[in-house]
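The first residue in the sequence is number 1, and the count goes up from there. Here the structure is a predicted model, which is why all the values come from computation and not from measurement. One-based numbering, in listed order, for ligands and for the atoms of each.
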Amino acid sequence: MSSHRRLGRSALLAATLAATLLGSATAVTLADDADAATSLRSLAAATGRDVGFALAVDRISEPAYRAVADEEFSLVVAENAMKWDSVEPVRGQFRWTSSDVVADYATTTGKKLYGHTLVWHQALPSWVSTLPADQLRAAMRHHITTVVDRYEGRVAAWDVVNEAFSDNGDGSRRGDSVFQQKLGNGYLAEAFTTARAADPDVDLCLNDYSIEGVNAKSNAVYNLVKSFKATGVPIDCVGFQGHFVLGQVPADFQANLQRFADLGVDVRITELDVRVPLPADANELAQQAADYRKVWQACLAVTRCRGVTTWGLTDRYSWIPEFFSGQGAALMFDENYAPKPAYRAVAEALGAAPTPTPTTPTPTPTLPPPGCSVTYVPNSWNTGFTAEVRVRNDGPATVDGWTVRFAFTSGQTVTGGWNATVTQSGTQVTARNAAWNGTLAPGGTVSFGFQGTHGGTNASPTLFTLNGATCRHG
Ligand code: XIL
């Protein structure tokens, strides 16, 4: 059975399409599997979870991107198109072109639409930062109300406030937010209350990063949610961004999700990616798969976890290389849209049958036809060495005149020989019989040798031929 059999059909389609477009050979194999299982989208649906991706508006017209997006995901969030600077670049002038692309995409494909984000210290047009406090408050309220109104009934949940807490992780409020600076702690409750007034039904979330484990920052978020609940400030969910360093999904991730859920809010992984130093090797991709699996397993183990969204779709387009120099390959689909080990790990976490470990076909031993055997015995010192080569004629016929060839691998140079004429060209060495030892009867042996210099390990050659036929060792 092919190792690709259990891939989602949609991944196969997408990868096939991508291959067609991009000339990748990868998907040719994938496309052979007509009995492929099912997409992440349907697997996730069976668990009652959303599997989401952040949509980059200017990529959706690319057929391969669109194919993977359509088939694999059940939730879409705008990577940038619903941020403040995109929808209200000029005070009071709203521009819905990009945000509508995302909303319309969700509608036409039947996907859940997640809103990101209403209030954030970044992606903020400069006019916002220059306002005095009272006007800033009014602008914030107006912005929230207008954007929430526009997508009322279409957005399932909004990240009302994004990254309210300090980057230093100590649990303090973010000092570099104009909202925090001018409006103080109270802007958070005010933002949530304003959003609730605009749409009584939409879920209202607080979203942040580095709060996946139990730590000072997640404690602070926890205490804020707890106080909102205690004082009647509307809050429905907490988003854990999940921008992970390879191998660093915290051990207490699930427990942390659970303690938030126990406060009476939904939880969700909102921006998952697992960044890898480039170029990513097979071991790193396997670790990444384990990380993705762990994230999904944690979500599945917490009843109030609504799903997992990756921050992007393909390694071809991801924010990671731009923001984390030398790192990337953070998503489930590679640069050619082929599903990575992380994809399979997620499918399996969601209940797909385990993918059989790809079996490398056992190589058929390629024994040379009976012809010759060789032993090579080097004797090395510092940078010099000698080597004794013994060749046996294993064939049925007498050899009349012989040429033995082999190649060096680690910087050796022949300086002279005995019992043979030994010459070297690049790494290739050729030894021809001397006048007195050119005849080798069946079963007969001949020894010759040479001296030389070496630059490193003086590794022994591995492949020898006698008159063009490959010799056995021994
Ligand atoms: C990132 C986008 O992916 C980039 O394209 C953009 O240049 C900067 O913002 N946390 C968030 C997201 O909440 O909005 C950020 O998205 C990534 C970090």
> Considering the heavy atoms of Lys83, write down every atom of ligand 1 situated less than 4.0 Å from one of them.
1 (C), 2 (C), 9 (O), 12 (C), 14 (O), 15 (C), 16 (O)

> Report the C-alpha separation of Asp236 and Arg196 in whole Å, then their side-chain angles, then the decisive distance to 0.1 Å, and conclude whether the side-chain contact (heavy atoms from CB on, under 4.5 Å) test is met.
CA-CA 10 Å; Asp236 305 294; Arg196 172 57 72 238; 2.8 Å; yes

> Heavy-atom contacts with Phe323 under 4.0 Å: which atoms of ligand 1 show up? List them by number with element.
7 (O), 8 (C)

> Looking only at distance, does Asn80 have an N or O less than 3.5 Å from an N or O of ligand 1?
yes

> Check ligand 1 against Trp120 and write out every atom of the ligand that is under 4.0 Å from a heavy-atom position of the residue.
14 (O)

> If you have a sec, work out which protein heavy atom is nearest atom 10 (N) of ligand 1 and how many Å separate them, to one decimal?
Glu271 OE1, 2.9 Å

> Do any nitrogen or oxygen atoms of Glu322 lie less than 3.5 angstrom from nitrogen or oxygen atoms of ligand 1?
no

> Mark the output for Gln122 as yes if a heavy-atom distance to ligand 1 is under 4.0 Å, and as no if none is.
no

> Tell me the closest heavy-atom pair linking Ala103 and Tyr151, and the distance in Å.
CB-CE2, 3.5 Å

> Hey, could you give me the CG/CH2 distance between Asp273 and Trp319, rounded to the nearest 0.5 Å?
6.5 Å

> For ligand 1, which is the ligand I care about here, please tell me if His116 has any N or O atom under 3.5 Å from one of the ligand's N or O atoms.
yes

> Which atoms of ligand 1 sit under 4.0 Å from any heavy atom of Glu79?
2 (C), 3 (O), 4 (C), 5 (O)

> Which atoms of ligand 1 are found less than 4.0 Å from any heavy atom of Asn162?
11 (C), 13 (O)

> What's the verdict on ring pair (Phe, Tyr, Trp, His ring centres under 6.0 Å) for Phe260 and Phe240, showing C-alpha distance, side-chain angles and the deciding distance?
CA-CA 11 Å; Phe260 278 86; Phe240 300 77; 5.2 Å; yes

> Thr270 and side-chain hydrogen bond (donor to acceptor under 3.5 Å, both in side chains): which partner among Thr309, Asp208, Asn207?
Asn207

> Would you say the side chains of Asp262 and Tyr222 form a donor-acceptor pair under 3.5 Å?
no

